[in-house]
Trainee: 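Below is the structure I would like to discuss, written out as structure tokens.
No experiment lies behind these values; they were computed from the predicted model shown.
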Amino acid sequence: MQSVAQHNRRIHPGSGRRRGPDFPKGRQVDPASLSEVRALLGGRERRRDLLIEHLHLLQDHFGCLRARHLAALAEEMRLALVEVYEVASFYAHFDIVMDDEAPPPRLTVRVCDSLSCELAGAMDLLAGLRGRLGDAVRVVRAPCMGGCHRAPVVAIAHALHEHATFDKVAAAVSAGGSRPAVPDYIGLDAYRTAGGYRLLGACLAGERKPEELIGILEHSGLRGLGGAGFPTGRKWRLVLQEPAPRLLAVNADEGEPGTFKDRYFLETDPHRMIEGMLIAAWVIAAAEVYIYLRDEYPQCRAILEQEIAAVEAAGLAPHVRIHLRRGAGAYICGEESAMLESIEGKRGLPRQRPPFPAQVGLFGRPTLCNNVETLHWVRDIVERGPQWFASHGRNGRKGLRCFSVSGRVRDPGVKLAPAGITVRQLIDEFCGGMVEGHVFKGYLPGGASGGILPAAMADIPLDFGTLEPHGCFTGSGAVVVLSDKDDMKAVALNLLRFFEDESCGQCTPCRAGTEKAVKLMTAPRWDEPLLNDLTQVMSDASICGLGQAAMNPVKQLLRHFREDLLSPAIAAHRGPLPASGERDGPASAGG
């Protein structure tokens, strides 16, 4: 598919051509390679759903995926070679290399080029690092890594380095800084001392009933906080009504540019999510739980591996088996049905609906899909009562929301605020106002796909259903604040390029539409009638939300920021982004 090739060329230059006659035909398995694969897999099961996990083993060990090893892996797992190759070539974090080619450098430095990082000078950093680090290090651009509040962000291997500068990155590379830094967090003992797992214990002891907990969640008004906003209690009830066996899938693959709240929960208080997950599994009688974690969060994976093992050793999860699955660099896998496909060891292609995952989900079984933040609130809501949660809110809305705020504010970060707060209130009360010298011009209320609104519309409550009449939505609460120094045309182009790269390629409207939109947007004058036609087709005919919402930035730009189409690009668009009083960053080269 064209988009897969584009995707691979973006993250791994040259890898987009790894198809066709170059690849070995059939099962030409080299005995030495088969021995290497078998030794690496050891006693691990060879099930199809573990294919991506096994590809990670090969990639981590050899630094790439050799064609001979892919053929050996196919033989060992009793899969067709094409089944292994199509998965390996789909995900951005896998490097496929022909046997007669030199491998890529062992170390890859990824420079985030998403909006918040581009505002902070990421493009200058990318260009400078390629010359600074030399041929022994591969430097590539990559999509959002969940560090928007500390932009610009660089990943050395997969370890995040935030507030990145030329000197900091060069020093980290020289020091071998590719190991993820695990932050301090609330561990099992501290969590239990503060009352953690008492609610789960009461559930397992029969002191609480599933219907009781579902009722509490329904009355609290808690909704899915991954973006869709479906009422949580109702979703639990719908899954419970389906025949057993049932499964639970935890979506920790937040890849929406501007979003990093789930990372915050996992890095600070992971057991609150884990307890919520175990309670949810008990309510729906799920015997197995799958946590799907984005590969850009290796520090979170280290935390979860350690703390899940501690929970199991403490006998706190006798009712369920917990699986931790690793993503491989695909934004589309944040869509729940694409996530399920990936957990099954396949390409992350969204499924047609109906049926919905609650009916036919993971491995064909009824599956409850919940986001990290949604599960984070379960314990508090049940222990404190639904009225406690519903008592929060502003402007007629109810509940609490965590907003990921980045861009031109003094104090970016995760902000716990009442549902229904406006972006103006969020900036003034929670973010210390705008950065000095910047005047509030516009904002993204829901990440790349949520649209762009002007400062004149900054008093709309940020909640489900409030922004939709204006062609936008709050989604997962990713708020990116823009100023008079930013060229909104360049902002919209950044967002469309992201969608072009991240389209899974399954449906023509999205695959061809995003590419066509970028070409039209880079022309000296925009063909508005054609852009409007393209927007209509993509919105109506794309399979999933990526294609359906990809043109939101264009629609909002044409509606609210027409002056930016007529004026020259604003030079400061790619300039440095100070925040919190102090910011190390590359000097602006203009834009």
Side-chain angles (χ1 to χ4, degrees), residues 195-252 265 271-291 311 316-322 336 339-340 353-362 365-393 397-402 419 463-465:
Y197 291 107
R198 291 179 186 172
L199 176 58
L200 174 64
C203 292
L204 296 177
E207 299 169 11
R208 310 298 290 261
K209 302 299 180 185
E211 178 62 34
E212 175 194 2
L213 268 63
I214 290 176
I216 290 173
L217 292 180
E218 288 177 332
H219 284 96
S220 73
L222 178 66
R223 302 176 67 167
L225 298 174
F230 193 86
T232 301
R234 192 196 311 174
K235 180 182 275 193
W236 288 22
R237 187 180 299 280
L238 289 173
V239 175
L240 186 58
Q241 290 172 350
E242 296 294 324
R246 307 176 196 92
L247 300 172
L248 169 61
V250 179
N251 192 337
F265 291 127
H271 285 281
R272 201 166 296 267
M273 184 282 290
I274 295 173
E275 183 174 11
M277 174 188 76
L278 295 175
I279 291 170
W282 171 79
V283 168
I284 67 167
E288 296 191 77
V289 172
Y290 291 80
I291 305 172
V311 164
L316 296 171
H319 60 304
V320 68
R321 183 181 179 189
I322 304 171
E336 65 179 8
M339 173 188 69
L340 299 179
R353 306 184 192 196
F356 294 94
Q359 302 162 309
V360 181
L362 191 57
R365 302 309 312 166
T367 304
L368 173 63
C369 298
N370 273 156
N371 165 261
V372 168
E373 185 186 357
T374 305
L375 295 171
H376 173 92
W377 288 115
V378 169
R379 174 193 163 193
D380 282 325
I381 290 173
V382 175
E383 289 185 341
R384 301 188 186 195
Q387 295 79 15
W388 166 78
F389 190 76
S391 68
H392 298 276
R397 316 302 292 186
K398 295 182 178 181
L400 290 165
R401 289 292 305 271
C402 278
D463 201 13
F464 300 112

Trainee: Applying ring pair (Phe, Tyr, Trp, His ring centres under 6.0 Å), can you list everything that pairs with Phe265, at least two apart in sequence or on another chain?
Mentor: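 Phe265 satisfies ring pair (Phe, Tyr, Trp, His ring centres under 6.0 Å) with His376 only.
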Trainee: For the pair Glu275 and Leu316, evaluate side chain to side chain contact (heavy atoms under 4.5 Å, CB included) and give the outcome as yes or no after the intermediate values.
Mentor: CA-CA 9 Å; Glu275 183 174 11; Leu316 296 171; over 6 Å; no
Trainee: Heavy atoms only: give me the nearest Leu204-Pro318 pair and the separation to one decimal.
Mentor: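 That closest heavy-atom pairing would be CD1-CD, 3.9 Å.
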Trainee: For Arg365, check side chain to side chain donor-acceptor pair (under 3.5 Å) against everything at least two apart and list the hits.
Mentor: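 With sequence neighbours excluded, Arg365 shows a side chain to side chain donor-acceptor pair (under 3.5 Å) to no residue whatsoever.
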Trainee: Quick one: closest heavy-atom pair of Pro245 and Pro366, and the distance?
Mentor: O-CD, 3.6 Å
Trainee: Test of understanding: with side chain to side chain donor-acceptor pair (under 3.5 Å), list the residues that count as partners of Glu373, not counting sequence neighbours.
Mentor: Lys261, Trp377
Trainee: Report the distance from atom CG of Leu368 to atom CZ of Arg246, rounding to the nearest 0.5 Å.
Mentor: 11.0 Å
Trainee: Under 3.5 Å, which donor-acceptor pairs do the side chains of residues 282-290 form with other protein atoms, sequence neighbours left out?
Mentor:
| unit_1 | atom_1 | unit_2 | atom_2 | d |
| --- | --- | --- | --- | --- |
| Trp282 | NE1 | Cys203 | O | 3.3 |
| Glu288 | OE1 | His323 | NE2 | 2.6 |

Trainee: What residues, two or more places apart in sequence or in another chain, satisfy side chain to side chain donor-acceptor pair (under 3.5 Å) together with Asp463?
Mentor: Arg397
Trainee: To check you understand the geometry: which heavy-atom pair defines the closest contact between Met277 and Ile322, and what is its length?
Mentor: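 Closest approach of Met277 to Ile322: CE-CD1, 4.0 Å.
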Trainee: What is the minimum heavy-atom distance between Gly195 and Glu383, and which atoms define it?
Mentor: O-OE2, 4.2 Å
Trainee: Could you walk me through whether Tyr197 and Ile274 pass the side chain to side chain contact (heavy atoms under 4.5 Å, CB included) test, one step at a time?
Mentor: CA-CA 9 Å; Tyr197 291 107; Ile274 295 173; 3.4 Å; yes
Trainee: Minimum heavy-atom separation for Ile214 and Leu240, please, with both atom names.
Mentor: CD1-CD2, 3.9 Å
Trainee: What's the separation between atom CG in Leu225 and atom CG in Asn251, rounded to the nearest 0.5 Å?
Mentor: 12.0 Å
Trainee: Please list all pairs meeting side-chain hydrogen bond (donor to acceptor under 3.5 Å, both in side chains) that have one or both residues in residues 213-234, counting only residues at least two apart or in different chains.
Mentor: Glu218-Arg237
Trainee: Are Asp380 and Trp388 close enough that a side-chain donor and a side-chain acceptor fall under 3.5 Å?
Mentor: no
